[in-house]
Amino acid sequence: MLLELKQGILYGPVNSRRYGKSLGINLMPAEKKLCSFNCVYCHYGTTKRCTMNIDQYSGEFPEFDNVVKALEKKLKAPVELDLITFSGNGEPTLYPQFGELVEAVAELRGKYRPEAKIALLSNSTGLACEDVVDSLDMIDMPILKLDAGNENTFRAINRPARSIKFEDIFERLFSLDGIYIQTVFVNGQPSNIGKDDLADYIECVARIKPQEVHLYSIDRPVPNARISLVPPEKLEKMAVKITKETGVAARAFYE
Ligand code: SF4
């Protein structure tokens, strides 16, 4: 069973061993996945709407005011939470007023939950937009995807919308400070853990110099039966190698 798509604007708080209690914000159309990638391992299944151009879907996003109202109501309620996370059914930065919304969320956080952190889980493609880059200053944990160190593997694993190039994503990540890199490693066909692929990836991490690298593999059913899990022991060894060769703290996460 793949994961069910989120039905509304807010979900959780969900318990995460990494981050504590996280309240998710889903800015994508309800029960529809909209993403600029179609990753081979995506737990939401195949991306039927794989694009950077949201014009044709503009009427389907949740209204700005409704997002703000829903969040304010939740933050005022006696609900424990450590983190407010932009995530959901696809790529959150595709939301048309993303920067403006981050500002509104930061304001509400300051008013009702000053102790909570704001996180963004993004596939990094939104960094092409100045407004998204500017909003990162208001996000405590910008967690950005990098699953490959070269164009071929990037295309095989993330299967991006046509206009997206690996080099552009790398350059944008390289230009940022204080980011977290999140990586999903998979075995099989395709794979991103071969010797050369790993060397290219490590070189990218060394140059980007993120605050931390978070490594995962698949832990639920995925749409592609030809890929498989990288076992926890191997993921741990990869984390040690990445830290040793880049000086960046790398942590492996698995259930
Ligand atoms: S970026 Fe995330 S939501 Fe989009 S296809 Fe990949 S795993 Fe799924």
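Residue numbers run from 1 in the order of the sequence given. Just follow the structure's listing: the first ligand is 1, and inside any ligand the first atom is 1.
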Taking the inter-plane angle between the rings of Y180 and H214 on a 0 to 90° scale, is it parallel (under 30°), tilted (30 to 60°) or perpendicular (over 60°)? tilted

Non-hydrogen atom of K145 closer than 4.0 Å to ligand 1: yes

Evaluate the criterion ring pair (Phe, Tyr, Trp, His ring centres under 6.0 Å) for residue pair F98 and F86; output intermediate values, then yes/no. CA-CA 10 Å; F98 183 76; F86 291 98; 5.3 Å; yes

Between F185 and Y201, is the ring centre distance below 6.0 Å? yes

Ring geometry between F170 and F166 (parallel below 30°, tilted from 30 to 60°, perpendicular above 60°): parallel

Nearest protein heavy-atom contact for atom 6 (Fe) of ligand 1: which residue, which atom, what distance? C39 SG, 2.3 Å

Atoms of ligand 1 less than 4.0 Å from N123 heavy atoms? 1 (S)

Close-contact set for ligand 1 against K33 heavy atoms, below 4.0 Å: 5 (S), 8 (Fe)

Do K33 and Y44 form a cation-pi contact, if we require the NZ or CZ to be under 6.0 Å from the six-membered ring centre and within 45 degrees of the ring's axis? no

Going by the 4.0 angstrom heavy-atom rule, the piece of C35 near ligand 1 is side chain

Would you mind telling me if ligand 1 is within reach of the side chain of H43, the backbone, both or neither, using heavy atoms under 4.0 Å? neither

Any idea which protein heavy atom is nearest atom 8 (Fe) of ligand 1, and the distance to it? C42 SG, 2.3 Å

Taking E233 first and then K237, would you say they form a salt bridge - that is, a charged N and a carboxylate O separated by under 4.0 Å? no

